[in-house]
Amino acid sequence: MDVFWNRTLANQTPSSFAQRMCGQRILSIFRRGKFLVFQLTKDVMLIHLRMSGDVRVERSLDANGVPQKPHKHDRLIITFANHARLAFHNPRKFGRVWLMDDPDSVLAGLGPEPLDPNLSPQLFFKKLQAHKRQIKPLLMDQHFLAGLGNIYTDEALFHARIHPLRISNAIKREESKALLDAIRLVLKEGIRRNGASIDWVYRGGEFQNQFQVYGRAGDPCPRCGAKIERIVVSQRGTHICVNCQK
DNA sequence: AGCATTACCCGCACGC
DNA sequence: TGCGTGCGGGTAATGC
């Protein structure tokens, strides 16, 4: 195991991480919100990419049996007994890795999964009613709903024709239904296209080609032709059609 | 009290 | 060259 940036490990020192990880096997891998969850033999490993990066799985040795050089922004590399390795690549150094026996202390506060069928339109409407906050920061609040980020929130609000500064408990029942549908639409589309390549930190996705408003300030709205505007909402760039989104 | 908002911060590298 | 920007979220201060 190699740690290239100490703060990558959220709740372990490099030596305690290595010692504790040694001998464990990966039993399953899944996702909860924006966390990658690795169920190990004894513990659970969590990875959060934050603003940048990806996880690579590769062979630890090249064709000549020489250890492969780490990439420039690799922060953690875990090498397995079968000479496979997992590299946590995280250019901005915001990402974190946890190793713990009970991940609830990190995951317990997360809101529901937007794609969970148990999240009915009725329940979603009730949840919106329970808060009096600007809709965009509320949607991005991982305690309210788990998994939505800046891109998907802007796109979903555009699809649902809702202005990001609308107050959550003033959103009508029909609008909330449209919003939930829109959230699910953009998430599924993003997943189908392997995410978006809008930045140097992640290439490979194609969802950016489907953006209606995100990153398109000055372009005509694909729905009405009005000029797309960029505003700032809770310190995040926000893209809207003021003609379509009320 | 508890919720909501705002400002700031964190590494890095890109585009203009 | 310098400045603004960013697929995120924690913390602290402030406001309601």
Side-chain angles (χ1 to χ4, degrees), chain A residues 3-11 31-36 46-55 70-76 88-98 103 105-111 114 127-158 164-171 183 185-219 228-239:
Chain A
V3 178
F4 302 99
W5 172 243
N6 263 342
R7 294 168 59 174
T8 295
L9 299 177
N11 71 333
R31 178 195 61 78
R32 174 72 176 100
K34 299 181 186 179
F35 292 85
L36 293 173
L46 304 175
I47 297 181
H48 196 307
L49 299 172
R50 294 266 177 102
M51 291 278 277
S52 66
D54 39 51
V55 171
H71 288 200
K72 183 172 181 184
H73 299 298
D74 284 347
R75 307 304 177 194
L76 172 71
F88 176 41
H89 180 250
N90 190 242
R92 284 184 191 135
K93 294 182 178 175
F94 290 166
R96 293 292 182 271
V97 177
W98 293 256
S105 59
V106 178
L107 301 181
L110 292 176
K127 283 174 63 64
L128 291 179
Q129 292 289 303
H131 296 269
K132 186 179 180 181
R133 293 180 63 181
Q134 294 171 348
I135 185 64
K136 174 166 175 174
L138 181 60
L139 292 177
M140 292 180 65
D141 185 336
Q142 301 300 298
H143 301 283
F144 179 77
L145 197 61
L148 275 192
N150 203 34
I151 290 177
Y152 295 89
T153 305
D154 277 8
E155 292 295 308
L157 287 170
F158 173 78
L165 295 179
R166 286 276 299 283
I167 303 302
S168 57
N169 66 355
I171 288 175
I183 288 168
L185 180 78
V186 297
L187 283 178
K188 286 179 184 168
E189 192 64 14
I191 291 167
R192 198 163 79 81
R193 306 205 177 248
N194 295 320
S197 306
I198 59 163
D199 205 347
W200 59 280
V201 291
Y202 170 74
R203 311 303 304 177
E206 298 296 335
F207 185 50
Q208 70 277 9
N209 300 324
Q210 314 298 316
F211 287 169
Q212 305 291 296
V213 287
Y214 185 86
R216 301 190 52 185
D219 290 358
I228 294 169
E229 292 181 17
R230 180 187 180 279
I231 61 176
V232 175
V233 179
S234 58
Q235 334 299 331
R236 307 301 297 271
T238 299
H239 310 79

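Chain A is the first sequence line, chain B the second, and so forth, proteins listed ahead of strands; every chain is numbered from 1. Computed from a predicted model, the values in this text were never measured in an experiment.
The span of DNA chain B lying next to chain A, judged by atoms under 4.0 Å from heavy atoms, is bounded 5' to 3' by dA4(B) to dC14(B).
Residues Ile167(A) and Gln134(A) form a side-chain contact, since some pair of their non-hydrogen atoms from C-beta on lies under 4.5 Å apart. Between Pro91(A) and Trp200(A) there is a side-chain heavy-atom pair separated by less than 4.5 Å. The closest side-chain heavy-atom distance from Ile183(A) to Leu145(A) is below 4.5 Å.
Between Leu148(A) atom CG and dG9(C) atom P there is a gap of 11 Å when expressed in whole angstrom units. The distance from atom CZ of Arg133(A) to atom C1' of dC16(C) is 14 Å, rounded to the nearest whole Å. Per the geometry, CG belonging to Leu49(A) stands 10 Å off P belonging to dG8(C), to the nearest Å.
Heavy-atom nearest nucleotides on DNA chain B were determined for Arg50(A) and for Trp200(A), and the one closer to the 5' end corresponds to Arg50(A). Projected onto DNA chain B by closest heavy-atom contact, Ile167(A) and Pro91(A) fall at different nucleotides, the more 5' of which corresponds to Ile167(A).
Across all strands, Arg92(A) comes closer than 4.0 Å to base atoms (heavy-atom distances). Within 4.0 Å of Thr153(A), counting heavy atoms only, lies no atom of the nucleic acid at all.
The shortest distance between the side-chain N/O atoms of His48(A) and the OP1/OP2 oxygens of dG8(C) is not below 4.0 Å.
Of all heavy-atom pairs spanning Asp199(A) and Arg203(A), the tightest one is O-NH1, 3.0 Å.
Residue Val97(A) is tested with Thr8(A), Asn11(A), Val3(A) for a side-chain contact (heavy atoms from CB on, under 4.5 Å); the sole match is Thr8(A). Just one residue in the list Thr238(A), Ile135(A), Leu165(A) forms a side-chain contact (heavy atoms from CB on, under 4.5 Å) with Leu157(A), and that residue is Ile135(A).
Ring-plane geometry between Tyr152(A) and Phe207(A) is classed as parallel, the angle between the planes falling under 30 degrees on a 0 to 90 degree scale with a further cut at 60.
For dG2(C) and dG11(B), the P atoms lie 22 Å apart once the distance is rounded to whole Å.
DNA chain B forms stems at B:2-10 with C:8-16, B:12-16 with C:2-6, each a run of 3 or more consecutive Watson-Crick or G-U wobble pairs whose two key distances fall under 3.5 Å.
Applying a 4.0 Å cut-off to non-hydrogen atoms, the residues of residues 230-239 of chain A that approach DNA chain C are Arg230(A), Arg236(A), Gly237(A), listed by residue number.
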